[in-house]
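Here is the structure we will look at, set down as structure tokens.
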Amino acid sequence: MSDAGTDGGSGGCSSLADCMPGAVICEFPERTCAGPGRCLPLPDDCPVAQPECGCDGVTYDNPCLRMSAGVSKQSNGPCP
């Protein structure tokens with residue numbers, strides 16, 4: 001992954017607005033769907049199929065699609 005800059009201060013981010021340019025998501029800790037999170041860039045390479053459940057309850061085919069939608073990860077695998 002390339003560096004997208006730092007979080008908005010040492011406390012992390014609460015939304016993408018707290019991130020520097022280049023970040024595509026303020027990623028919250030897995031299974032919490034709440035901040036503070038980390039500002040992350042889109043990965044340089046994305047798996048073709050690696051389903052993840054987003055905090056919005058939608059199953060994404062891979063992390064890049066989820067992150068591009070601006071959604072933090074709830075868990076690995078499809079949503080229940």
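Quick note: residue numbers are just sequence positions, from 1. The figures here come from the full heavy-atom set of this structure, side chains too, leaving out hydrogens, waters and symmetry mates.
Taking CZ of R31 as the start and OG of S72 as the end, the distance is 14.0 Å to the nearest 0.5 Å. Distance check, rounded to the nearest 0.5 Å: SG of C79 to CD of Q74 gives 8.0 Å. With rounding to the nearest 0.5 Å, the separation of CG in D61 from CD in Q50 is 11.0 Å. Interatomic distance, C53 SG to E30 CD, rounded to the nearest 0.5 Å: 10.0 Å.
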Check step by step if side-chain contact (heavy atoms from CB on, under 4.5 Å) holds for C64 and L42. CA-CA 6 Å; C64 290; L42 196 60; 4.1 Å; yes

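Looking at residues two or more places apart in sequence or on another chain, you find a side-chain contact (heavy atoms from CB on, under 4.5 Å) between S15 and A17, D18. Among residues two or more places apart in sequence or in another chain, the side chain to side chain donor-acceptor pair (under 3.5 Å) test is passed with N76 by K73. Every side-chain contact (heavy atoms from CB on, under 4.5 Å) that P29 has, sequence neighbours left out, goes to T32. Residues meeting the side chain to side chain donor-acceptor pair (under 3.5 Å) test with T59, sequence neighbours left out: none. Every side chain to side chain donor-acceptor pair (under 3.5 Å) that D56 has, sequence neighbours left out, goes to Y60.
Cysteines C13 and C19 are not disulfide-linked, with SG atoms at least 2.5 angstrom from each other.
Across every non-hydrogen atom of N62 and V48, the tightest pair is ND2-O, 3.6 Å. Heavy-atom minimum distance, I25 versus G70: CD1-C, 3.9 Å. For G37 against C26, the heavy-atom pair with the smallest separation is CA-SG, 4.1 Å. The minimum heavy-atom distance between L40 and E27, with the atom names listed, is CD1-CB, 3.5 Å.
The cluster map of Ile, Leu, Val, Met, Phe, Trp and Tyr, joined by side-chain heavy atoms under 4.5 Å apart, puts L65 and M67 in different clusters.
Residues near L16 contribute nothing to a hydrophobic cluster around it, because no ILVMFWY side-chain heavy atom sits closer than 4.5 Å to its side chain.
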